[in-house]
Amino acid sequence: MCDQTFLVNVFGSCDKCFKQRALRPVFKKSQQLSYCSVCAEIMATDGLHENETLASLKSEAESLKGKLEEERAKLHDVELHQVAERVEALGQFVMKTRRTLKGHGNKVLCMDWCKDKRRIVSSSQDGKVIVWDSFTTNKEHAVTMPCTWVMACAYAPSGCAIACGGLDNKCSVYPLTFDKNENMAAKKKSVAMHTNYLSACSFTNSDMQILTASGDGTCALWDVESGQLLQSFHGHGADVLCLDLAPSETGNTFVSGGCDKKAMVWDMRSGQCIQAFETHESDINSVRYYPSGDAFASGSDDATCRLYDLRADREVAIYSKESIIFGASSVDFSLSGRLLFAGYNDYTINVWDVLKGSRVSILFGHENRVSTLRVSPDGTAFCSGSWDHTLRVWA
Amino acid sequence: MEEWDVPQMKKEVESLKYQLAFKREPSSQTIPELLKWIEDGTPKDPFLNPDLMKNNPWVERGKCAIL
């Protein structure tokens with residue numbers, strides 16, 4: 001028998017150019033079309049062109065990253081611990097829990113100090129946001145949010161309002177009133193709208209603007225009065241978990257950290273990313289500016305905290321120990337910047353000597369993960385919030 | 001980042017170029033200045049000065065506290 005292969009040609013009108021030609025079946029986004037051989041060739045090379053563009057962009061990005069590392073290495077002429085050798089070591093610290101704030105019905109997720117150095121706002125998984133007078137441990141205000149997991153809360157600079165949000169994907173502002181007849185929830189103003197959970201929020205220098213970070217991978221700046229989006233910040237490759245504004249003297253920047261292991265510094269006016277650091281090995285849970293604004297620290301699920309020098313554009317210190325294997329959830333500096341307080345998922349708080357890189361103290365007390373930690377505005381104490389439902393003020 | 005398409009990759013490349021243009025300073029300059037900042041601030045840091053701690057509102061002094 002003879003072996004013969006027959007080619008069957010269908011003639012008809014091409015689906016693309018409509019000319020009468022011999023047609024070939026072609027699949028575009030899982031839909032079958034009939035193209036003439038000319039249009040089929042064009043489509044094949046278009047696809048190739050698109051892939052080539054993506055691949056060439058990726059390789060360009062890689063080479064740029066390589067150049068960044070080279071530039072940074074050139075200025076790496078001195079180590080922090082070398083210069084810090086001449087500095088005196090710190091003595092023993094006695095830090096104790098001075099107040100315990102009880103009242104939340106579930107995990108405390110976030111807290112913030114008021115500028116008056118005694119009021120604190122805290123938010124919890126049970127949907128409650130409470131304002132405390134931490135001296136007396138009295139609760140001054142309480143609001144129940146319509147969602148659970150209120151992951152972010154912040155005190156307004158004036159002390160007259162608080163902002164909070166979480167799984168509702170929004171950031172809402174509540175004016176604080178001492179009028180017993182007024183219902184706080186009635187005056188609520190929805191300011192920010194994200195497409196995923198709100199992970200962090202902060203007022204800028206005034207009560208008028210709020211900066212937010214979200215699980216949708218973006219940060220955004222909003223006008224409180226109108227709820228208008230003023231600027232958005234794109235660049236993280238995954239959820240953004242934290243943010244911190246630069247101290248007012250240094251200008252309009254903020255730093256954010258995310259699940260993509262990157263810490264990014266942004267220009268608030270242009271929306272551009274000025275610097276990015278990708279040295280952590282896991283999610284960055286917390287970022288905090290150094291008091292002078294020339295550096296910032298980060299705490300991560302990789303069980304380390306790191307210090308980044310913004311002027312030299314590189315990581316200058318890693319705070320870690322082999323015995324610390326749980327993630328750091330929250331970090332903050334003491335007033336002078338010499339001490340770094342970090343709360344961990346193993347229920348402890350470690351106090352690090354920023355210059356020497358050593359741990360100077362370990363604080364026990366919480367009975368579950370420490371989820372949030374902030375030093376008071378005058379540096380006399382710091383407050384920690386935990387999954388054990390309580391907040392503690394330490395001094 | 002693996003699922004990014006062409007427009008997103010273009011933005012990433014632009015952002016990297018912008019970051020590359022940053023005016024970096026050598027560590028030999030920035031680190032000593034960081035140290036100096038800390039040393040200047042140390043006398044005022046309540047955690048680093050036991051005498052300041054005596055006036056710390058959080059630490060109980062006597063039996064009575066005026067709030």
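Since the model is a prediction, treat every value here as computed from it, not as a measurement. Here is the naming used below: chain letters follow the sequence lines, and residue numbers restart at 1 for every chain.
Interface residue A:Asp77: backbone and side-chain heavy atoms are both found under 4.5 Å from chain B. Within the 4.5 angstrom heavy-atom criterion, only side-chain atoms of A:Leu339, from C-beta onward, approach chain B. The contact between A:Gln275 and chain B is made by backbone and side chain atoms together, counting heavy-atom distances below 4.5 Å. Within the 4.5 angstrom heavy-atom criterion, no atom of B:Glu14 approaches chain A. Neither the backbone nor the side chain of A:Asp260 comes within less than 4.5 Å of any heavy atom of chain B. Within the 4.5 angstrom heavy-atom criterion, atoms from both the backbone and the side chain of A:Val83 approach chain B. Contact of A:His236 with chain B is made through the backbone alone, with heavy-atom distances under 4.5 Å. In this structure, the portion of A:Leu355 lying under 4.5 Å from any heavy atom of chain B is its side chain and not its backbone. Neither the backbone nor the side chain of A:Gln82 has a heavy atom closer than 4.5 Å to any heavy atom of chain B. Of the two parts of A:Phe333, neither the backbone nor the side chain holds a non-hydrogen atom closer than 4.5 Å to a non-hydrogen atom of chain B. At a 4.5 Å heavy-atom cutoff, A:Lys74 makes no contact with chain B through either its backbone or its side chain.
A distance of 10.0 Å separates CD in B:Gln8 from NE2 in A:His234, rounded to the nearest 0.5 Å. Going from atom CG of A:Asp378 over to atom NZ of B:Lys44 covers 13.0 Å, rounded to the nearest 0.5 Å. Within the model, atoms CG of B:Leu35 and CZ of A:Arg338 stand 8.0 Å from one another, a figure rounded to the nearest 0.5 Å. Distance OG1/B:Thr42 to CG/A:Leu335: 10.0 Å, rounded to 0.5 Å. For the atom pair OG (A:Ser334) and CD1 (B:Ile38), the distance works out to 8.0 Å, reported to the nearest 0.5 Å. The distance from the CG atom of A:Leu310 to the OG1 atom of B:Thr30 is 10.0 Å, given to the nearest 0.5 Å.
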Begin with the C-alpha distance, continue with both residues' side-chain angles, and end with the deciding distance and a verdict on side chain to side chain contact (heavy atoms under 4.5 Å, CB included) for A:Leu75 and B:Glu25.
-> CA-CA 7 Å; A:Leu75 301 167; B:Glu25 296 171 59; 5.9 Å; no
A:Glu60 vs B:Lys10, salt bridge (charged side-chain N to carboxylate O under 4.0 Å, His left out): CA-CA, chis, key distance, verdict | CA-CA 10 Å; A:Glu60 195 180 350; B:Lys10 275 196 183 146; over 6 Å; no
CA sep, side-chain torsions, deciding dist, call: A:Arg311, B:Glu33, salt bridge (charged side-chain N to carboxylate O under 4.0 Å, His left out) = CA-CA 11 Å; A:Arg311 290 165 61 195; B:Glu33 284 180 23; 2.7 Å; yes
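What you find for A:Gly379 and B:Pro46 is that their closest heavy atoms are O-CG, 3.3 Å. Of all heavy-atom pairs between B:Leu34 and A:Tyr290, the closest is O-OH, 3.7 Å. Closest approach of A:His76 and B:Ser27 over heavy atoms only: CA-OG, 3.9 Å.
Heavy-atom pairs under 4.5 Å with chain B were tallied for A:Ala312, A:Ala395, A:Ser376; the largest tally goes to A:Ala312. Per-residue heavy-atom pair counts under 4.5 Å with chain B were compared for A:Arg314, A:Arg86, A:Arg72, and the maximum is reached by A:Arg86. Between chain A and the options B:Pro32, B:Gly41, B:Ser28, B:Pro43, heavy-atom pairs under 4.5 Å are most frequent for B:Ser28. Ranked by heavy-atom pairs under 4.5 Å with chain B, the first of A:Leu57, A:Asp313, A:Thr380 is A:Thr380.
With contacts defined as side-chain heavy-atom distances shorter than 4.5 Å, the pair B:Gln19/A:Leu68 qualifies. Proximity of B:Trp58 to A:Phe135: side-chain heavy atoms (C-beta onward) are separated by under 4.5 Å at one or more points.
For the side chain to side chain contact (heavy atoms under 4.5 Å, CB included) with A:Ser336, the lone residue among B:Asp40, B:Asn49, B:Leu48 that qualifies is B:Leu48.
A tilted orientation is assigned to the rings of A:Phe382 and B:Phe47, their planes being inclined by 30° to 60°.
Identified by a heavy-atom distance below 4.5 Å to chain B, the contributing residues of residues 87-94 of chain A are A:Val87, A:Leu90, A:Phe93, in residue-number order.
Environment of NZ in B:Lys11: sparse, with no more than 12 heavy atoms of neighbouring residues, nucleotides or ligands closer than 6.0 Å.
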